[in-house]
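Below is one structure; the comments refer to it alone.
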Amino acid sequence: MFKFIRGKGHHVNVERQKLQKELFSYKEGRLISLCDDNSLHLWEINTSDGESYLTEVKSCSLEERLKISSCCLLSHGQNLLIGTEGGNIYLLDVKAFEMTEDIIYQDVIMQNVSDDYKLNPGAVEGIAESPSNPNLILIGYNRGLMVLWDLKVLAADKIYTGSQQLESVTWYRDGTKFMSTHNDGSYILWTTADSSKPCENPKTPYGPFPCKSMNNILWLSVKEEEDFIIFSGGMPRASYGDRHTVTIMKGDSHQVLDFTSNLVDFIAITDTSPDAVFDNPQSLLVLLEEELVVIDLETKGWPTFCLPYLSSLHTSAITCTHHCSSPQDLWDRIVAAGNKQIKHQYSTKDWPITGGKNLLEPPTEQELILTGHEDGTIRFWDASGVCLKHLYTLRTANLFEGEEHEASPVEEGEEWPPFRKIGNFDPYSDDPRLAVKKIVLCVLSGVLVVGGTAGQVIVFEIKDEPVEKEVEVFQVSIVEDRENFVWKGHDQLDIKGGQQKFEPGFQQVVIIQLKPPAGVTALQLHSDLGLVAAGTSHGLELFDYVQKQHVISMCTLNRNDLSAGDTSMTRRKSFKKSLRESFRRLRKRRFQEGKKDKTPPKSTSESQKDASTTGVEVQSLEDQSKPVEHQIDDTLGSVESAGKPIERQVEARAADDTLGSIVQCLYIAKSFIVSCVTTNLTLWAGTNVGTVYIFTITMPDTENRGSDAVNCRLVKEIQLKHRAPVVYIDIIDHNGYPLPDPLEVKKDLAKQPDFTGTHRVLICSEEQFKIFTLPSLKPYRKFKVTAHEGSHVRKVAMSKFTSVTDSSYSEYCIICLTNQGDISVYTVPDLRRQLVQSCMKKENISGISSLMCTKNGQCFFLHSPCEFSRFTLSTTSVTKVRCILELPEGARPTTETTPQEVDVTELSPVVEKDKIEGKEEKHDGVNDNGALSDEEKKDLDITVDSIKDHLVNLSVEGNSFISVELTHCSKSIKTQETSTTVTSEIINHATVQAE
């Protein structure tokens with residue numbers, strides 16, 4: 001975590017040293033970071049080809065025994081004072097980035113201390129440069145000793161002794177006074193003229209009861225007004241010792257900012273003009289572990305600023321995500337609704353932080369990311385650029401009954417200290433049943449469907465005016481045909497009764513309450529026809545939200561399983577049952593192997609007969625006499641001619657799996673399913689045991705849509721051989737293109753679907769991809785991911801890839817993410833693999849489950865609980881970070897040693913039209929998993945070719961990024977330094993850290 005520091009001689013206390021990195025900034029565009037391994041690193045913001053880049057240029061380390069406890073960058077920016085736990089202070093030459101021989105020894109300082117002070121002063125807790133005299137620095141030691149040290153004569157000017165353990169020190173603007181904070185929650189005012197005693201008695205703002213330590217303090221002067229005193233900590237230990245607070249005091253005004261995450265640091269933006277006599281603070285920046293909060297100190301009441309970037313993504317834990325491209329009219333309505341939500345909540349002043357310039361051109365399309373949260377909220381984010389901006393928040397908890405919290409004395413201002421809740425991060429949820437599990441948004445109709453943990457499915461529609469109405473709810477039972485079924489999970493949420501007021505934005509249309517109230521596992525919306533389908537661990541439901549009527553429900557539970565709990569809420573498993581099943585499978589496998597050895601091989605006709613009777617691959621409810629197994633070798637270039645590849649043995653999963661009833665995916669489309677002449681509207685449902693149910697839907701005429709009922713019936717069923725969970729279903733035409741959304745066709749955003757040729761259905765399970773022809777459901781192509789790669793499919797999406805050389809040529813391909821963190825691209829319908837690349841670590845479970853793919857080949861995933869990483873698989877759809885920081889003249893002195901430049905020629909894109917067609921290239925010295933060969937590892941000489949290979953195969957292990965296209969790359973090698981510097985490296989990926 002980097003921090004920002006502004007102002008002269010800003011010091012760092014021991015609390016902030018617990019972070020991984022510290023950052024110092026001055027007017028030359030350089031940064032110094034302190035890592036937890038006691039190493040210092042020098043960074044530079046350099047400009048090349050009109051763009052700025054942050055590069056590491058030098059580093060140094062102190063001995064392990066010299067643990068750094070505090071730092072102070074002097075105002076001239078040439079030296080860094082480093083305080084250690086041993087009590088000595090070392091001097092770092094920033095320009096050469098080497099430790100000098102000048103050391104302020106603790107023993108030398110102790111020689112000037114009176115004989116009455118016999119204690120070892122301890123670690124250096126704070127170093128602060130005098131604002132009036134840069135030759136004077138104030139040194140604070142752990143056990144209360146403070147020294148005013150003269151750097152010019154290298155001697156102590158004044159000695160101050162405190163009775164309590166020291167935490168930090170700070171100067172007043174004129175340099176004649178300073179404050180010290182202590183571990184008993186007090187602060188003391190001192191003057192430089194009198195070192196014998198404090199000018200005032202110690203003040204404990206929240207005494208007299210024992211208080212926690214006051215960690216840091218700012219003393220800021222204001223013209224013709226009272227001073228600001230801002231400090232962290234100091235709360236009464238017994239009552240509020242666990243609070244994360246920053247106190248602001250100015251005369252009679254007093255507020256205790258109460259945060260929900262640990263405090264990292266805080267600074268004030270003040271008047272830094274050369275002729276300024278007072279600080280005149282404008283705003284206070286508070287950096288927390290989970291968010292950034294900026295307070296306006298010039299406006300009455302000290303309101304906060306609305307963050308234009310660095311918003312906290314995980315104000316409540318993210319439970320699901322959804323990406324879509326929004327038309328301009330819907331975008332404007334969402335932005336307008338969001339602006340009305342935050343009206344009068346934030347400061348009206350301009351954002352106080354200024355910096356570089358964004359060189360990105362305005363986006364050609366507006367991209368939305370929707371995040372569902374544990375507290376039942378859905379947040380809308382602008383993902384059109386390289387940073388996320390919060391647009392709008394939809395709260396579903398307002399629709400349900402909950403615990404009413406009465407106004408506490410703290411809110412009424414009657415209790416001391418005067419707390420004020422601040423910040424958006426809230427890790428606590430009143431009810432886990434409110435958590436959002438699935439989100440589907442139709443951007444063309446403005447209809448949003450949200451599925452929750454307690455079986456609630458809520459349909460919203462965007463409106464521009466407020467309305468007051470009663471919430472409509474419909475109860476639907478999925479297990480109605482299971483008379484003896486017993487639900488052992490949580491209860492459903494109670495709906496609020498009576499009239500409710502809905503503000504402009506997404507307003508509730510209807511709530512569908514599924515019974516039993518298990519978490520929603522799949523969701524599908526057909527807004528053109530007004531249908532919504534939802535799946536749970538017990539079955540599925542199709543609902544008509546136009547007439548607000550139930551259409552059909554189907555229970556997928558095994559009839560022998562008459563009791564079930566919510567698997568999404570309870571994950572405990574019986575150890576005895578699991579062990580018993582393991583032994584049974586082991587005995588069964590041994591028995592089958594022994595029987596197989598004694599049984600003579602069957603003929604081909606007998607094998608086909610067995611396959612058709614068991615129906616382990618495909619079953620049709622209309623015609624089960626047809627052969628169902630058509631073995632078609634998977635195609636990977638010219639592998640067919642080389643014979644069938646070696647496959648891993650993948651054992652079929654147990655049919656009586658208790659989780660087999662979970663509906664994993666739903667799909668609604670119009671295609672050939674009954675005959676090859678007429679088309680039908682179909683509903684496809686894939687379960688956790690590899691079963692796919694196919695329904696036909698009959699819609700009434702347009703004139704009778706509001707009165708006649710929608711009919712639906714089950715017509716066919718597919719059973720995959722290994723009973724692997726079905727994760728994705730899509731129908732493609734004879735050209736390999738997926739069927740467009742009906743509303744896209746109506747609004748001339750897509751061509752009419754092609755019904756002239758053969759349609760095929762793509763069914764992706766965790767173990768294989770398989771394509772069937774329609775309506776016969778005969779296998780057409782198959783690729784066994786688990787048998788060939790030894791991994792399981794976690795996410796699948798269909799994206800469009802456009803050629804670099806010919807923009808009129810494009811193909812649709814499958815994007816697949818496995819449980820190993822590898823992402824791959826396959827052609828449709830041939831299922832030829834075009835690309836495989838390591839995307840993220842396999843331990844990043846949340847990142848794998850949160851992957852979102854756009855329609856043009858870009859992807860997002862949660863790199864951590866609070867940040868998205870973005871990458872592209874297409875060379876024609878790239879989002880780059882392009883910015884510039886204008887440095888003052890002379891910021892880069894020409895006297896510095898210029899590193900030797902090694903130019904690398906422009907590299908061709910990795911994914912092009914030839915790549916899409918299956919012509920995969922391999923680079924020398926690189927094996928299949930993207931690592932260098934043993935021969936390359938032995939060669940330690942840095943050459944142009946080795947750098948080129950390294951850049952092409954760069955997979956950024958630390959940040960789990962993908963770099964598919966690299967353009968205009970060059971390396972700058974410092975032969976005399978231990979570190980290698982990249983001076984210009986444009987990588988087509990962007991890190992979206994809630995910025």
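Note that the coordinates shown come from a computational prediction; the quantities given were computed from them, not determined experimentally. Heads up: numbering here begins at 1 and tracks the sequence.
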Apply side chain to side chain donor-acceptor pair (under 3.5 Å) to residues T453 and R433 and explain how you reach the verdict.
CA-CA 5 Å; T453 303; R433 297 175 297 173; over 6 Å; no

S776 and T773: side chain to side chain donor-acceptor pair (under 3.5 Å), yes or no, with the steps?
CA-CA 6 Å; S776 61; T773 58; 3.0 Å; yes

D730 vs Y728, side chain to side chain donor-acceptor pair (under 3.5 Å): CA-CA, chis, key distance, verdict
CA-CA 7 Å; D730 204 347; Y728 183 79; 2.8 Å; yes

Kindly indicate, with the supporting measurements, whether the criterion side chain to side chain contact (heavy atoms under 4.5 Å, CB included) is fulfilled by F400 and D431.
CA-CA 11 Å; F400 305 98; D431 194 335; over 6 Å; no

Trace of the side chain to side chain contact (heavy atoms under 4.5 Å, CB included) decision for M798 with I814:
CA-CA 5 Å; M798 188 85 73; I814 301 172; 4.2 Å; yes

Full working for salt bridge (Lys or Arg N to Asp or Glu O under 4.0 Å) between E470 and K501:
CA-CA 9 Å; E470 189 174 353; K501 185 178 181 180; over 6 Å; no

Go through T854 and H323 one step at a time and tell me if the side chain to side chain donor-acceptor pair (under 3.5 Å) criterion holds.
CA-CA 7 Å; T854 69; H323 176 276; 5.5 Å; no

Take V796 and I815, measure what side chain to side chain contact (heavy atoms under 4.5 Å, CB included) needs, and give me the verdict at the end.
CA-CA 6 Å; V796 180; I815 298 177; over 6 Å; no

Check step by step if side chain to side chain contact (heavy atoms under 4.5 Å, CB included) holds for F860 and I369.
CA-CA 9 Å; F860 298 81; I369 285 182; 3.7 Å; yes

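Taking the ring centre of Y780 as origin, the terminal cationic atom of R760 falls inside the region bounded by 6.0 Å and 45° from the ring axis.
T377 and D375 form a side-chain donor-acceptor contact under 3.5 Å, judged by distance and modelled atom types alone. Between the side chains of Q768 and S765, no donor-acceptor pair of N or O atoms lies under 3.5 Å. In summary, the side chains of D822 and S824 do not present any donor paired with an acceptor at a separation below 3.5 Å, with no hydrogens or angles considered. Donor-acceptor pairing under 3.5 Å is lacking for the side chains of S661 and H538. Using modelled atom types and a 3.5 Å distance limit, the side chains of Q719 and T691 yield a donor-acceptor pair.
Counting heavy atoms from C-beta on, the side chains of W381 and L391 never come closer than 4.5 Å. In this structure, V710 and I697 have side chains that are in contact, with non-hydrogen atoms separated by less than 4.5 Å. Side-chain atoms of M554 and L542, non-hydrogen and from C-beta on, never get closer than 4.5 Å to each other. Proximity of F868 to T321: side-chain heavy atoms (C-beta onward) are separated by under 4.5 Å at one or more points. Residues L739 and K670 fail the side-chain proximity criterion, which asks for heavy atoms closer than 4.5 Å. Looking at L851 and C859, their side chains come closer than 4.5 Å, going by heavy atoms from C-beta outward. Taking the side chain as every heavy atom from C-beta outward, L666 and L523 never approach each other to under 4.5 Å. Here the side chains of S325 and V443 are not in contact, with every heavy-atom distance at 4.5 Å or above.
Rounding to the nearest 0.5 Å places CG of D528 at 10.0 Å from CG of L444. Atoms CG and CD1, from N711 and I552 in turn, are 9.5 Å apart once rounded to the nearest 0.5 Å. Remark: L399 CG to I458 CD1 distance equals 5.5 Å, nearest 0.5 Å. Note: I845 CD1 to E843 CD = 7.5 Å, rounded to the nearest 0.5 Å. To the nearest 0.5 Å, atom OG of residue S671 and atom CG of residue L774 are 4.5 Å apart. Expressed to the nearest 0.5 Å, how far NE2 of H526 lies from SG of C442 amounts to 9.5 Å.
Using a 4.0 Å cut-off between charged nitrogen and carboxylate oxygen, R705 and D544 count as a salt-bridge pair. A salt bridge does not link E541 to K515: none of the charged side-chain nitrogens sits closer than 4.0 Å to a carboxylate oxygen. Between R794 and E766 a salt bridge is recorded (basic side-chain N to carboxylate O distance below 4.0 Å). Taking the charged nitrogens against the carboxylate oxygens, K784 and E767 have no contact shorter than 4.0 Å, which rules out a salt bridge.
In this structure, the side chain of R870 engages the main chain of A383 through a donor-acceptor pair within 3.5 Å. A donor-acceptor contact shorter than 3.5 Å links the side chain of H373 to the backbone of S316. Within the 3.5 Å criterion, the main-chain N or O of L743 finds a donor-acceptor partner in the side chain of D741. A donor-acceptor contact shorter than 3.5 Å is absent between the side chain of K782 and the backbone of I771. Remark: side-chain polar atoms of Q549 are not paired, donor with acceptor, to backbone N or O of Q547 under 3.5 angstrom. At least one donor-acceptor pair closer than 3.5 Å links the side chain of N844 to the backbone N or O of G847. Panel note: side chain D494, backbone E401; no donor-acceptor pair is recorded below 3.5 Å. Between the side chain of S791 and the backbone N or O of T786 there is no donor-acceptor pair closer than 3.5 Å. Proximity of a side-chain donor or acceptor of Q513 to a complementary backbone N or O of A454 within less than 3.5 Å is detected. Under a 3.5 Å cut-off, the side chain of T315 and the backbone N or O of D426 do not form any donor-acceptor pair.
Between L681 and I668, the closest heavy-atom pair is CD1-CG2, 4.0 Å. Among all heavy-atom pairs drawn from P779 and K770, the shortest one is CB-CE, 3.5 Å. Of all heavy-atom pairs between V663 and G539, the closest is CG2-O, 3.4 Å. Pairing each heavy atom of F460 with each of V509, the nearest pair is C-CG2, 4.1 Å. Of all heavy-atom pairs spanning I439 and G372, the tightest one is CD1-N, 3.6 Å. Contact between A685 and L540 at its shortest, heavy atoms only, is CB-CD2, 3.4 Å.
The aromatic ring centres of F425 and H314 sit less than 6.0 Å apart. Aromatic pair H550/F543: ring centres not closer than 6.0 Å. When ring centroids are compared, Y826 and F783 come within the 6.0 Å threshold. You'll find the ring centres of H390 and F380 outside the 6.0 Å limit.
Between F506 and Y392, the ring planes lie tilted relative to each other; the angle falls in the 30° to 60° range. Ring pair W487/F485 is parallel by interplanar angle, where below 30° counts as parallel and above 60° as perpendicular.
At most 12 non-hydrogen atoms from other residues, nucleotides or ligands lie less than 6.0 angstrom from CD of E480. More than 12 heavy atoms of other shown residues, nucleotides or ligands fall within 6.0 angstrom of atom NZ in K469.
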